[in-house]
J.: 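Quick one: this structure, given as structure tokens, is what I'll be asking you about.
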Amino acid sequence: MLKTLKRKPQNIPADAPKPAKRQKTKDAPCISAQIPFAQKNLTLAGWMKVCAFIDSRPTITQANIIQHFSSLQTGALLFHQSTLSCKLRKHPKMEACINNNPTALSSKCPCVVTSPAVERALIHWVQHMENKCKTITGPMLWEKHKRFEEELQIPENEQLPGDGWLQLFCKMYKIWEHCRHGGAGSVDMEAVQVKQEHCKKSLAQYAPRDQWNFHETALFP
């Protein structure tokens, strides 16, 4: 028969001090003191600031660069020397990304859509769909991106097989997904515009007080 092991009871002295309870302060006044904030994951705007500092001081060492930005009183930038070396090699790519899309300054890494031609085609397609008041979803963007890669003959080793780029791409170009339900999702917007123009021409023949509308202005003289 297996012997059940039991834990030896702990001898706690009777006069042992109890941990002090945290006192809750009621109606405590708010203070304006703030905890110093150090940005760990730099955005492209932060790296552009670092690169501009390096360009103005060509002879400065990487150790001094790290010390300078980490010792700033406000807006300190913390990064390692290995990260700095990697970002300096990617400086031309970051500048090209910002020149193509100024909103990329707020992102932490350049958006990757394999090819600039595919990216431009995808953006033009999104703008075309938005002008037609069409709803754009993530699966639609992924499928359209795949078709553009085939039409533009992007090499297979440069194609993106997954959809991991979608979130950053939509954030960079401020693409929002709106889901329409019921009758609103099945409305033909082109037919709506035609009907609106027809209603305007028909109502122009009557006085404003005699025009039928949802505000019931005909009830007032």
J.: Where do Lys49 and Phe69 come nearest, in terms of heavy atoms and distance?
T.: O-CZ, 4.2 Å
J.: Would the Phe148 and Trp125 ring centres measure less than 6.0 Å apart?
T.: no
J.: Would the distance check show the side chain of Glu149 and the main-chain N or O of Val118 forming a donor-acceptor pair, the cut-off being under 3.5 Å?
T.: no
J.: Measure the shortest side-chain to side-chain distance between Ile65 and Thr61 over non-hydrogen atoms and say whether it is less than 4.5 angstrom.
T.: no
J.: Do His145 and Glu119 touch side chain to side chain, with heavy atoms closer than 4.5 Å?
T.: no
J.: Determine yes or no for a side-chain-to-main-chain donor-acceptor pair under 3.5 angstrom, with Asn64 supplying the side chain and Ile60 the backbone.
T.: no
J.: Given Arg147, which partner from the list Glu143, Glu150, Glu151 fulfils the salt bridge (Lys or Arg N to Asp or Glu O under 4.0 Å) test?
T.: Glu143
J.: From Lys146 NZ over to Leu141 CG, what is the distance, rounded to the nearest 0.5 angstrom?
T.: 15.0 Å
J.: Test your reading of the model: is there a side-chain donor-acceptor pair from Ser70 to the backbone of Ile66, 3.5 Å cut-off?
T.: yes
J.: Would you say Leu203 and His198 make side-chain contact, with heavy atoms under 4.5 Å?
T.: no
J.: Grab the two heavy atoms, one from Met140 and one from Ile136, that are nearest each other, plus how far apart they are.
T.: SD-CA, 4.2 Å
J.: Quick check: do Trp47 and Leu84 have side-chain heavy atoms less than 4.5 Å from each other?
T.: yes
J.: Where the side chain of Ser202 meets the backbone of Cys199, is there a donor-acceptor pair that is under 3.5 Å apart?
T.: no
J.: From Cys51 SG over to Lys87 NZ, what is the distance, rounded to the nearest 0.5 angstrom?
T.: 10.0 Å
J.: Going from CD on Gln62 to CD on Gln67, what distance comes out if it is rounded to the nearest 0.5 angstrom?
T.: 14.0 Å
J.: Rounded at 0.5 Å granularity, tell me how far OG1 in Thr83 sits from CD in Gln81.
T.: 10.0 Å
J.: Which distance, rounded to the nearest 0.5 Å, do you find between the CG of Leu78 and the NE2 of His80?
T.: 8.5 Å
